[in-house]
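Here's the structure we're looking at; comments come further down.
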Amino acid sequence: MNTVRVRFAPSPTGYLHVGGARTALFNWLFARQHRGVFVLRIEDTDLARSTEEATQAILDSLEYLGLDWDEGPRKGGSFGPYFQSERLHLYRQYVEKLMEQGRAYKCYCTPEELDQRREEQIKRGEATHYDRHCLHLSPEERAQYEAEGRSYAIRFKALDEGVTEVDDLIRGKVRFDNTAQVDDFVIVKSDGMPTYNFAVVVDDALMGITHVIRGEDHLSNTPKQIQIYQALGFPVPQFAHIPMILGSDRALLSKRHGATSVMQFKEDGYLPAAMVNYLALLGWSYDDAQTIFSIPELVEKFSLEKVSKNPAVFDMQKLEWMNGVYIRELTLEELLAEVLPFWQKAGFVPGEITPELKGYCLRILKELQPRMKLLAEAVELARYFFTDDYQYNQEAVAKVLTKPRTEEILQYLAEVVAGAQELQEEELKPLFKQGMEKFGVKMGDLMQPLRVAVTGTNVSPGIYEVLALLGRERVLERIERTIKMLKERS
RNA sequence: GCCCCCAUCGUCUAGCGGCCUAGGACAUCGCCCUCUCACGGCGAAGACACCGGUUCAAAUCCGGUUGGGGGUGCCA
């Protein structure tokens, strides 16, 4: 039985975005399900745009998502090197082979000349194909170009008749007319670096890749690659082209649609399991009922056959909802571990926390858990639990602290709190009810002013829980402070 | 321009000729719970792009139109 070998091959020209992450995920799921090998290869043949930082960011992003690779950077493997820039000797070897076979030739045309001829072709309504100017060079012309010191690229001599068929696992058989669709494309740039369409074939073949799972943007280039496989005598792998991810305006997802960098999602507080679950559902589905899938479950249930053919719009709201679902599934201990870095960064808690402080944090999280969609929200939601240095929300003040007898009510509540044995619902509720009667108001008319007084906002967990968490001293202090503020205002 | 892919609620999708007066999820709206906000529960509204065929029967098959996406690069 042949082992499944798949790969994710990003180019380190920027951060890993959600589209790339989804491609990596589908490859990873496929590999894990088939107990195959997931290879990570860095396609850094674009000298001008590739950076070391981008490579690191991509690796970090994959690790955050939990998409571990079996071969590749930081890991090694017996099919390396895993950076294309270190595989130049291999490409050179296969270029020579093609040249010897007469399937590749030097092209001295300049970019300017090429552009000009391309425009003329469009003007004439023709397909924009290389006109094979340099394939038919006479020895004299060649010598002339060499004498001029022109640099050259190397082009693949494509088939000029028949069709090349791509047998795609998701789209079925797709036929491309060789005459109309595949021209003599460049395989080695004038700087000596291989182009994508060439390097990808050599690498996938040499690395024993059995299934090429990648974005649909690569479908149109696949016939070119198949011709290379055939010219070099390599077995052609199985292809699976997955649909693109679009923004809300149905244009290809990009930075201008907001957060698209995987690391940004990490910083905003998305749980890896939620990201993976959401990404899996972008282009794949299982049945008509299930939307929440654990990672092991995805490994078990994923299949290329169920991958959709149409592009998917990235829906941030659904991702947020899903993240909330995953947050609610965590134990408080687990949630604390996730939230702690955010609270530390905000200066709420020190790097090392005492058991006592930890207990306090857990009690806070118990209240926050059903209210959180993002881990980062835990900072603003918990601010008044950790510091007195918070602002009154002015809308809240205007809405609930401007009623006639507010100061009296707050004064009454302060007395209740001061006199209570313990700040808990059982004891407080009857006293609050007495207040209702005393002032002839509804429960909300007591609780909302109290809420704004002790939290600065009109939105918080249940007031009894908030009071218990804050403790008598802070509650009284804050009520006093609020009354003072109201007096100064009037 | 030329080539390729795609087309079910606003969004992600189920559906692979009769089970569909089209199912689920997010979002929206309403009700319940209730001290606010969430969570949770219940309910509503909401789609087969269009036109032709094939068939006893089409969201499902075929053709066309329209629309969207991709490719066409000495980027990947």
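Just so it is clear: chains get the letters A, B, ... in the order the sequence lines come, proteins before strands, and each one is counted from 1.
Ion pairing between a basic and an acidic side chain is recognised when a charged N comes within 4.0 Å of a carboxylate O; A/Arg175 and A/Glu165 show such pairing. A salt bridge does not link A/Arg41 to A/Glu86: none of the charged nitrogens lies less than 4.0 Å from a carboxylate oxygen. A salt bridge between A/Arg49 and A/Asp46 is present, with a side-chain N of the basic residue lying under 4.0 Å from a carboxylate O of the acidic one.
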Test A/Val202 against A/Tyr229 for side-chain contact (heavy atoms from CB on, under 4.5 Å), laying out the working first. CA-CA 8 Å; A/Val202 173; A/Tyr229 277 104; over 6 Å; no

Apply side-chain contact (heavy atoms from CB on, under 4.5 Å) to A/Val454 and A/Ile479, showing your working. CA-CA 6 Å; A/Val454 300; A/Ile479 292 176; 4.3 Å; yes

Run A/Phe432 and A/Tyr464 through ring-ring contact (aromatic ring centres under 6.0 Å, His included) and show every step you take. CA-CA 11 Å; A/Phe432 282 11; A/Tyr464 301 114; 5.7 Å; yes

Assess whether side-chain contact (heavy atoms from CB on, under 4.5 Å) is satisfied between A/Ile154 and A/Met99, documenting all intermediate values. CA-CA 9 Å; A/Ile154 297 175; A/Met99 298 269 268; 4.0 Å; yes

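For B/G73, there is no paired base (Watson-Crick or G-U wobble, both distances below 3.5 Å). Nucleotide B/G43 forms a pair with B/C29, judged by Watson-Crick or G-U wobble geometry with both contacts under 3.5 Å. The nucleotide B/A7 finds its pairing partner in B/U66, both defining distances of the Watson-Crick or G-U wobble pair being shorter than 3.5 Å. When Watson-Crick and G-U wobble pairs are counted only if both distances are under 3.5 Å, B/A57 pairs with no nucleotide at all. The partner of B/U21, taking Watson-Crick or G-U wobble pairs whose two distances both stay under 3.5 Å, does not exist in any strand shown. In a base pair of the Watson-Crick type (N1 to N3 plus N6-O4 or O6-N4) or a G-U wobble (N1-O2 and O6-N3), with each distance short of 3.5 Å, B/U36 is matched with no nucleotide. Partner assigned to B/C16 is none, using Watson-Crick or G-U wobble distances below 3.5 angstrom.
For the OP1/OP2 pair of B/U72 and a distance below 4.0 Å, the side-chain nitrogens and oxygens of A/Lys224 include no atom meeting the criterion. A sub-4.0 Å separation between OP1 or OP2 of B/G71 and a side-chain N or O of A/Asn197 is absent. Between A/Lys366 and the phosphate of B/A38, there is no side-chain N or O to OP1/OP2 separation shorter than 4.0 Å. In this model, the phosphate group of B/C6 is not approached by any side-chain N or O of A/Arg250 to a distance below 4.0 Å at OP1 or OP2. Dashed line: the shortest gap from a side-chain N or O of A/Ser285 to OP1 or OP2 of B/C12 is not under 4.0 Å.
Of the two residues contacting RNA chain B, namely A/Pro370 and A/Lys309, the nearest-nucleotide position lying further toward the 5' end is that of A/Lys309. Both A/Ala180 and A/Arg328 lie close to RNA chain B; mapped to their nearest nucleotides by heavy-atom distance, the more 5′-ward contact belongs to A/Ala180.
Between A/Lys433 and A/Met443 there is a side-chain heavy-atom pair separated by less than 4.5 Å. In this structure, A/Val186 and A/Asn197 have side chains that are not in contact, with every pair of non-hydrogen atoms separated by 4.5 Å or more.
Among the heavy atoms of the strands lying under 4.0 Å from A/Gly283 are primed sugar atoms or P, OP1, OP2 only; no base atom is included. A/Glu216 comes within 4.0 angstrom of a base, heavy atoms only. Among the protein residues, A/Gln317 comes within range of the sugar-phosphate backbone only, with heavy atoms under 4.0 Å from sugar or phosphate atoms but none that close to a base. Residue A/Thr13 is classed as having no contact, given no heavy-atom separation below 4.0 Å to the nucleic acid. Counting non-hydrogen atoms under 4.0 angstrom, A/Asn221 reaches a base of the nucleic acid. Within the 4.0 angstrom heavy-atom criterion, only backbone atoms of the sugar-phosphate kind lie near A/Leu252; the bases stay farther away. Note on A/Ser190: a base of the nucleic acid sits closer than 4.0 angstrom, heavy atoms only. Using a 4.0 Å heavy-atom distance criterion, A/His218 is classed as a base contact.
Residue A/Phe176 places its side chain closer to B/C4 than to any other of B/U13, B/A7, B/C4. With B/C4, B/C74, B/C26 as the choices, the nucleotide that has an atom nearest any side-chain atom of A/Val186 turns out to be B/C74. Closest contact between the side chain of A/Asp288 and the listed nucleotides B/A14, B/G10, B/C74 involves B/A14. Out of B/G69, B/U11, B/C39, the shortest distance to the side chain of A/Lys373 is found at B/C39. In the set B/C26, B/C12, B/G69, the nucleotide with an atom closest to the side chain of A/Met244 is B/G69. Closest contact between the side chain of A/Thr128 and the listed nucleotides B/C4, B/U72, B/C26 involves B/U72. Checking B/G69, B/C5, B/U13 against every side-chain atom of A/Ala312, the shortest atom distance belongs to B/U13. Of the listed nucleotides (B/C3, B/C74, B/U11), B/C74 has the atom at the smallest distance from the side chain of A/Arg118. Among the nucleotides B/A25, B/A76, B/G70, the one closest to the side chain of A/Asp46 is B/A76. Proximity note for A/Ala127 (side chain, C-beta onward) versus B/C74, B/U13, B/C2: the nearest is B/C2.
Below the 3.5 angstrom threshold, one finds a donor paired with an acceptor across the side chain of A/Ser220 and the base of B/G70.
When the options A/Lys224, A/His129, A/Arg132 are evaluated for a side chain to side chain donor-acceptor pair (under 3.5 Å) with A/Asp184, the one that passes is A/Arg132. Shown are A/Val459, A/Asn458, A/Thr482; of these, the side-chain contact (heavy atoms from CB on, under 4.5 Å) with A/Val452 is made only by A/Asn458. For the ring pair (Phe, Tyr, Trp, His ring centres under 6.0 Å) with A/Tyr278, the lone residue among A/Phe265, A/Phe314, A/Tyr326, A/Tyr270 that qualifies is A/Phe314.
Proximity of the aromatic rings of A/Phe386 and A/Trp343 is defined here by a centroid distance below 6.0 angstrom, and this criterion is met.
Counting to the nearest Å, the P atom of B/A76 and the CZ atom of A/Arg87 are 15 Å from each other. A/Met316 has its CE atom 15 Å from the P atom of B/C12, to the nearest Å. Rounded to a whole Å, the CZ atom of A/Arg214 is 14 Å from the C1' atom of B/C5.
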Just the table, please: protein N/O against nucleotides 43-47 of chain B N/O, every pair under 3.5 Å.
none

Check nucleotides 34-37 of chain B against the protein and report each pair of N or O atoms closer than 3.5 Å, with its distance, or say if there are none.
unit_1 : atom_1 : unit_2   : atom_2 : d
B/C35  : O2     : A/Arg451 : NH1    : 3.1
B/C35  : O2     : A/Arg451 : NH2    : 2.6
B/C35  : N3     : A/Ile463 : N      : 3.1
B/U36  : O4'    : A/Gln448 : OE1    : 3.2
B/U36  : O4'    : A/Gln448 : NE2    : 3.4
B/U36  : O2'    : A/Asn458 : O      : 3.0
B/U36  : N1     : A/Arg451 : NH1    : 3.4
B/U36  : O2     : A/Asn458 : O      : 3.4
B/U36  : O2     : A/Ser460 : N      : 2.9
B/U36  : O2     : A/Ser460 : O      : 3.1
B/U36  : N3     : A/Arg451 : NH2    : 3.2
B/U36  : N3     : A/Ser460 : O      : 2.5
B/U36  : O4     : A/Ser460 : O      : 3.4
B/U36  : O4     : A/Gly462 : N      : 3.2
B/C37  : O2     : A/Arg371 : NH1    : 2.8
B/C37  : N3     : A/Arg371 : NH1    : 2.4

